[in-house]
Amino acid sequence: MDSAVSLTAALDTLAEEVRGAGYTYFRVDVAQKSHQFYELLGQLVDLRFAHLIQSTLSDQHRPGVKYEVYILDLSEYADVRLKRGLAILDLKDGKWNFRVSGTAGTQKQLPGTLLRDEFRRAPVVDLERLAEKAAERAGGS
């Protein structure tokens, strides 16, 4: 299969999954790093469609479980930015800010532990499920 088709299908599937959960950022269980989709995710990061924003985040309820936190590039959610209820993280003056799109008064700065807590609320994407959906999408292209 053409790598451009695979990459486009991976990006579309990932963006659909994350935005469908109402977020612009997401977590990946580091236990899935050996999965084939993780390599596609790395390529999406290299191409700046997604960005790694936290390389290690512990699960507060399950000892030993760690995540990486990513954010979709602005270009991947600009078309739905006005959609109400989308959790958005922005960097302003070097500081992370949170807001809910379409909802006044939700913007707040997220120092240290508040940022970590917000990362922990992000959806966990299952790379196996994403790979299956992306393969279906690429096959239909």
Side-chain angles (χ1 to χ4, degrees), residues 1-62 64-141:
M1 182 185 328
D2 184 301
S3 65
V5 170
S6 296
L7 212 48
T8 301
L11 176 59
D12 290 345
T13 302
L14 176 63
E16 182 180 277
E17 180 89 6
V18 174
R19 291 186 310 217
Y23 286 80
T24 57
Y25 46 99
F26 59 97
R27 295 178 291 159
V28 172
D29 189 329
V30 297
Q32 288 193 306
K33 276 181 131 176
S34 62
H35 194 280
Q36 65 185 24
F37 198 91
Y38 188 80
E39 183 179 326
L40 287 173
L41 178 58
Q43 290 176 28
L44 293 175
V45 169
D46 290 345
L47 293 168
R48 299 179 189 234
F49 287 111
H51 306 280
L52 175 65
I53 56 176
Q54 178 89 23
S55 61
T56 304
L57 177 72
S58 62
D59 187 306
Q60 70 186 102
H61 301 295
R62 298 183 322 180
V65 175
K66 303 268 186 221
Y67 301 99
E68 291 179 336
V69 182
Y70 294 84
I71 190 167
L72 293 174
D73 191 78
L74 174 62
S75 64
E76 282 308 304
Y77 61 92
D79 62 323
V80 294
R81 200 161 167 87
L82 297 177
K83 176 183 170 189
R84 295 185 66 78
L86 192 62
I88 297 173
L89 289 177
D90 286 317
L91 268 176
K92 290 188 180 173
D93 300 321
K95 296 182 174 138
W96 284 104
N97 288 273
F98 170 86
R99 69 185 174 92
V100 177
S101 61
T103 308
T106 58
Q107 184 159 327
K108 61 184 174 187
Q109 199 173 81
L110 297 175
T113 58
L114 291 179
L115 180 60
R116 182 202 62 212
D117 293 345
E118 187 55 41
F119 286 163
R120 286 178 171 160
R121 280 190 275 282
V124 177
V125 296
D126 177 23
L127 298 186
E128 179 63 33
R129 197 163 72 89
L130 287 179
E132 290 169 8
K133 286 177 145 183
E136 288 173 17
R137 179 174 261 145
S141 297

Aromatic ring pairing Trp96/Phe119, orientation class (parallel under 30°, perpendicular over 60°, tilted between): perpendicular
Side-chain heavy atoms of Leu47 within contact of Leu7, under 4.5 Å: yes
Polar side chain donor-acceptor pair, Tyr38 to Glu68, under 3.5 angstrom: yes
Please give me the minimum heavy-atom distance between [X] and [Y], naming the atom from each residue.
{"X": "Leu89", "Y": "Ile71", "result": "O-CD1, 3.6 Å"}
{"X": "Asp29", "Y": "Val65", "result": "OD2-CG1, 4.2 Å"}
{"X": "Ala10", "Y": "Leu40", "result": "CB-CD1, 3.9 Å"}
{"X": "Ala134", "Y": "Ala9", "result": "O-CB, 3.4 Å"}
{"X": "Val28", "Y": "Val125", "result": "CG2-CG2, 3.8 Å"}
{"X": "Val69", "Y": "Leu57", "result": "CG2-CD2, 3.7 Å"}

Return the [atom1] to [atom2] distance between [X] and [Y], rounded to the nearest 0.5 Å.
{"X": "Leu86", "Y": "Arg99", "atom1": "CG", "atom2": "CZ", "answer": "9.0 Å"}
{"X": "Gln36", "Y": "Leu127", "atom1": "CD", "atom2": "CG", "answer": "9.5 Å"}
{"X": "Leu130", "Y": "Arg137", "atom1": "CG", "atom2": "CZ", "answer": "10.0 Å"}
{"X": "Arg48", "Y": "His51", "atom1": "CZ", "atom2": "NE2", "answer": "7.5 Å"}
{"X": "Arg120", "Y": "Asp59", "atom1": "CZ", "atom2": "CG", "answer": "7.5 Å"}
{"X": "Leu72", "Y": "Leu44", "atom1": "CG", "atom2": "CG", "answer": "9.5 Å"}

Expected output: side-chain Thr24 to main-chain Arg19 donor-acceptor under 3.5 Å: no
Side-chain (Asn97) to main-chain (Lys95) donor-acceptor, under 3.5 angstrom: yes
CD/Glu39: more than 12 non-hydrogen atoms of other groups inside 6.0 Å: no
Non-neighbouring partners of Phe37 that pass ring pair (Phe, Tyr, Trp, His ring centres under 6.0 Å), sequence neighbours left out: none
From CA spacing to verdict: side chain to side chain contact (heavy atoms under 4.5 Å, CB included), Leu114, Gln109: CA-CA 9 Å; Leu114 291 179; Gln109 199 173 81; over 6 Å; no
Cationic N near anionic O, under 4.0 Å, Lys108 to Glu118: no
